[in-house]
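Reading through the structure tokens given below for one structure.
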Amino acid sequence: MSHTTPTSAVVTRFAPSPSGHLHVGGARTALFCWAFAKGRGGKFVLRIEDTDQKRSSDAASIGFVRDLLWLGINFDEGPEYEGQGGGAHGPYFQAQRLDIYQKYLDQLLEQGSAYYAFESQEELAAMRAQAKEKNQPFRYTGDAARRRDPAQTAQRLKAGEPAVIRFHTRAGAITIHDEILGDATLPDGEVDDFVIRKADGFPTYHFAVVVDDELMGVTHVLRAQEHFNNSAKHIVLQDALGFRRPVYGHLPLIFNPDGSKMSKRDKDKVLRKVVAQGGITAPPLGTVDPVVFAAWLKDKNTQLEIEPAQRLAESLGAELPEINVDDFRRSGYLPEVICNFLSLNGWSPGGDVEKFDNAFLQANFDLSRVVKTAAKFDRLKLLAFNLHAIQGMSREEFVRRTRAHGALMHPEFMAKLTPEQFLALCDASHERSKTLEDLFRTNGFITIADDALEWDAKVVAKVLRGDSPCGLDHLRSLRVVLRDCDDWSSSSLEGVIKPFADTHCEGNVGKIAQPLRVAVCGGSVSPPIFDTLMILGKASSMRRIDRCISTHG
RNA sequence: GGCCCCAUCGUCUAGCCUGGUCCAGGACACCUCCCUUUCAAGGAGGACACAUGGGUUCGAAUCCCAUUGGGGUCACCA
């Protein structure tokens, strides 16, 4: 293979470990990497870091790629996935590149830049504990190991003793050049002889990253700030291997509003709280496996799988916090809004501009405008952005996207509405929808059978009873009027009910609208009442009103 | 604890590099009022920040130092 890769072309990469779900933090990293490369006519590479056999048992679980594409983040090279990916620098799964790493491992070994080490996990843990006890940082010193003669090392290896390969870090301070943070120098001794190949033969993250970034021609490494110190390790590796050094940019972290790290564990946290408050000792049927549940209860560090966690939350009436991109999709957020909002966490185009699309981001994203400070993820502002975007949609677009969301998330709801009903519901809900989920969440009464509707006791007491004439009295006299009303359109109903309110309630429409609303939907919230009646249709509306009167009369 | 990084309204941020136009701008949230058949939405107002202390300078949110506070990292995880 020739090395004619033009050095001027920008290449960035997003390199997550395999997972079925894309975290919003990861999404932002991917978005920035994508925007940076694409805005400069470069390439964006996706690489799967599956060198941890314990966690990557299901190496095919790269479901998050779907989330990436949903957000509009496509990649030029990477695993093949629904028409995306492929490329000349594959394979893009690190677990499939073991022979490549071995070559460079050998080079390091020959150079004397790496050596075998035989300490057991237990020994290392003891050393770490000791360091911690003395309040000292743990640093592995390879002197003893390196002093061992090669013959003995060979013998131990031959005997099948488990061994790792460590990098021999030379003395000296290491300076990291960072396009976002500026330069930072780690003093001599900060980087110890870290492991580059594990006992199971897999490279560690540090080693695989350095080799792959070089081979894949990555020019700019943009990743979260938690990787900052790792960059020092990568730099010394690059130097030892004679590799080029990419430009680094460490992105500020994204936190929860309370300052804690945003983590999928937050879901477990919410569930544990609800379970504890409810004094629940066994999982509701069909939610979580009882054995798993017991183990989960016992060990606070364990996490439930996403699907069981969702079932459990639903059955307990708990709201799980949105953490993954898919959570936000399910909650009815728009991908373009998520991208827009995510960009604003850590970057801004300057001035007062804050609403923009991915094309704008691509054209304007620049490292010099990335902020250094961590951001707290403000869901309320995201919600406001989503509302604004929905309001900005045409009627057709709103219908189309709501229908798509409904087909995916609420097929049973969709099945119960005629196309005309659905359209009317969309019109009645458009300007009040903060998410695509709102319509489905707040209009459940429409899909309930007329004779199965239940009324909220509190609301009944407040709206239907009380002063005289009370709501029920109004309903009784209004039902006669409505019964004779043949044109059940919104405007016609208004033409009937408003005059009724004039004569019976001194023009106070609320006095009659609320009892009506409660009668037909069971609660105090619905779209405007005339729309609500129209959507339900005359037969259904009348049945509900009559049943309400007889039930509460 | 060692090392590294950071510090503008409650939150995301503009301004900082190239000191004066900033008694600090926008957005979300919040408060008040208006509109109103519910919930929203919408309209009009309002309150709210340069962490602290020293310098440098005629002048500092902007430059320097210290303090304080916050974060990251210290794995055969990535």
Side-chain angles (χ1 to χ4, degrees), chain A residues 15-17 49-52 54-56 94 117 119-121 124-125 128 131-132 134-140 162-166 176 178 181-182 184-187 189-192 194-200 202-206 208-209 223-230 232 250 252-253 255 257 259 261 341 344-355 368 371-385 387 391 429-434 438 442 459 463 494 497-498 501 508-518 521 523-530 532:
Chain A
S17 42
E49 314 238 308
D50 55 350
T51 54
D52 184 354
K54 286 189 281 296
R55 291 207 285 182
S56 304
Q94 291 184 328
E119 286 86 358
S120 69
Q121 304 265 23
L124 288 169
R128 250 179 235 115
K132 183 153 194 181
K134 286 191 279 187
N135 245 334
Q136 302 266 309
F138 170 70
R139 297 281 181 270
Y140 178 90
V164 299
I165 298 178
R166 286 181 181 268
I176 303 166
D178 185 297
L181 297 171
T185 300
L186 304 193
E190 271 305 301
V191 174
D192 66 359
F194 53 98
V195 174
I196 54 179
R197 196 191 74 177
K198 310 178 219 177
D200 65 7
F202 277 68
T204 59
Y205 159 74
H206 305 297
V209 159
R223 42 148 81 129
Q225 260 175 37
E226 59 192 355
H227 284 293
F228 192 83
N229 290 35
N230 289 338
H250 291 92
L253 269 14
F255 290 117
K261 213 167 173 178
F341 184 71
L344 255 17
N345 279 252
W347 180 81
S348 91
D352 293 340
V353 180
E354 65 169 10
K355 296 276 174 67
S368 68
V371 158
K372 298 178 179 182
T373 55
K376 288 172 185 157
F377 192 78
D378 183 355
R379 284 188 177 71
L380 275 180
K381 184 159 179 173
L382 170 64
L383 196 60
F385 270 43
L387 167 74
Q391 286 177 332
S429 307
H430 189 165
E431 65 171 18
R432 52 211 281 112
S433 290
K434 293 187 171 180
D438 285 6
T442 59
V459 177
V463 177
E494 183 169 356
I497 294 170
K498 279 225 164 120
N508 191 341
V509 185
K511 284 267 191 252
I512 186 63
Q514 274 309 83
L516 254 181
R517 193 186 313 278
V518 173
C521 70
S524 61
V525 178
S526 87
I529 188 62
F530 308 122
T532 301

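Chain naming here is simple, since letters A, B, ... match the order of the sequence lines and numbering starts at 1 in each.
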Send over the distance from A:F194 CZ to B:rC77 C1', rounded to a whole Å.
15 Å
Have a look at A:T185 and say if it touches a base, only the backbone sugar-phosphate, or nothing, with a 4.0 Å heavy-atom cut-off.
sugar-phosphate
Integer angstrom distance from the C1' of B:rC16 to that of B:rU8
10 Å
Work out which heavy atom in A:A232 is nearest to a heavy atom in A:I176; give both atom names and the distance.
N-CD1, 3.9 Å
Compare the minimum distances between each of B:rU38, B:rC6, B:rU13 and the side chain of A:A375, then state the nucleotide with the smallest one.
B:rU13
In whole angstroms, how far is the P atom of B:rA78 from the OH atom of A:Y205?
9 Å
Go nucleotide by nucleotide along RNA chain B from the 5' end; which of A:A163 and A:Q514 gets its closest nucleotide reached first?
A:Q514
In the strands shown, is B:rA27 matched to any nucleotide by a Watson-Crick or G-U wobble pair with both distances under 3.5 Å, and which?
B:rU11
I need a per-nucleotide contact map over nucleotides 23-31 of chain B, read 5' to 3'. Cutoff is protein heavy atoms under 4.0 Å; write B for the base, S for backbone only, - otherwise.
--BBBBS--
Between B:rG26 and B:rA14, how many Å separate the two P atoms, rounded to a whole number?
15 Å
Between A:G510 and A:P16, which is nearer to the 5' end of RNA chain B once each is assigned its nearest nucleotide?
A:G510
Searching all strands shown, indicate the nucleotide that pairs with B:rU62 (Watson-Crick or G-U wobble; both distances under 3.5 Å).
none
Using Watson-Crick or G-U wobble geometry with both distances under 3.5 Å, which nucleotide pairs with B:rC17?
none
Inter-nucleotide C1' distance (B:rC74, B:rC9), Å rounded:
36 Å
Which whole number of Å gives the distance between the P atom of B:rU67 and that of B:rG1?
14 Å
On the nucleotide B:rC76, are OP1 or OP2 found under 4.0 Å from the side-chain N or O atoms that A:R197 carries?
no
Whole-Å distance between B:rC76 P and A:H206 NE2?
9 Å
Side chains of A:Y140 and A:E119: donor-acceptor distance under 3.5 Å anywhere?
yes
B:rC3 pairs with, by Watson-Crick or G-U criteria that keep both distances under 3.5 Å:
B:rG72
Using 0.5 Å steps for rounding, measure from the CZ atom of A:F202 to the CG atom of A:D52.
9.5 Å
Not counting sequence neighbours, which residues clear side chain to side chain contact (heavy atoms under 4.5 Å, CB included) with A:L387? List them please.
A:Q391, A:K434
Here the distance between atom C1' of B:rA41 and atom CG of A:L383, to the nearest Å, is 13 Å
With sugar-phosphate meaning primed atoms plus P, OP1 and OP2, does A:V371 contact a base, only sugar-phosphate, or nothing at under 4.0 Å between heavy atoms?
sugar-phosphate
How is A:I529 classified with respect to the nucleic acid when contacts are heavy atoms under 4.0 Å: base, sugar-phosphate, or nothing?
base
How far apart are the closest heavy atoms of A:S524 and A:Q514, and which atoms are they?
O-NE2, 3.7 Å
Where protein sits on nucleotides 67-74 of chain B, one letter per nucleotide: B base, S sugar-phosphate only, - none, heavy atoms under 4.0 Å
----SBSB
Can you list everything that forms a side chain to side chain donor-acceptor pair (under 3.5 Å) with A:T532? Sequence neighbours excluded, please.
A:S526
Measure from the side chain of A:K198, starting at C-beta and using heavy atoms only, and say which of B:rU37, B:rC6, B:rA78 lies closest.
B:rA78
Just call it for A:P528: base, sugar-phosphate, or nothing, with non-hydrogen atoms closer than 4.0 Å on any strand.
base
Considering only atom P, compute the distance from B:rC23 to B:rC31 and round it to an integer number of Å.
30 Å
Provide the distance between the two P atoms, one in B:rG59 and one in B:rG42, to the nearest whole Å.
48 Å
Might you point out which heavy atoms bring A:P527 and A:R432 nearest each other, and give the distance in Å?
CA-NH2, 3.7 Å
May I ask you to test the A:N345-A:K376 pair for a side-chain heavy-atom distance under 4.5 Å?
no
Assign A:P527 to base, sugar-phosphate, or nothing according to its heavy-atom contacts below 4.0 angstrom with the strands shown.
base
Separation of B:rU38 atom C1' from A:I497 atom CD1, nearest Å, is 14 Å
Within the structure shown, what part of the strands sits under 4.0 Å from A:S348 by heavy-atom distance: base, sugar-phosphate, or nothing?
sugar-phosphate
What are the two closest non-hydrogen atoms of A:V463 and A:P515, and how far apart are they?
CG1-N, 3.4 Å
Who pairs with A:E494 by side chain to side chain contact (heavy atoms under 4.5 Å, CB included), at least two apart in sequence or on another chain?
A:K498, A:F530
C1' atoms of B:rA24 and B:rC34, separation to the nearest Å:
31 Å
Remember a base hit wins even if backbone is also touched, and classify A:S524 as base, sugar-phosphate or nothing at under 4.0 Å, heavy atoms.
base
Rounded distance in Å between the P positions of B:rC50 and B:rC35:
37 Å
Please report, rounded to the nearest Å, how far the P atom of B:rG43 is from the CD atom of A:E431.
11 Å
Please classify the nucleic acid contact of A:V164 as base, sugar-phosphate, or nothing, using heavy-atom distances under 4.0 Å.
base
Counting only side-chain heavy atoms from C-beta out, which of B:rU38, B:rA7, B:rA41 sits nearest to A:Q391?
B:rA41
Tell me every residue that passes side chain to side chain contact (heavy atoms under 4.5 Å, CB included) with A:A501, counting only those two or more places apart in sequence or in another chain.
A:V509, A:I512
Tell me whether the NZ or CZ atom of A:K132 lies within the 45° cone about the ring axis of A:F138 and under 6.0 Å from its centre.
no
B:rA75, OP1 or OP2 - any side-chain N/O from A:T204 closer than 4.0 Å?
no
Please give, in whole Å, the distance from B:rA75 P to A:E119 CD?
14 Å
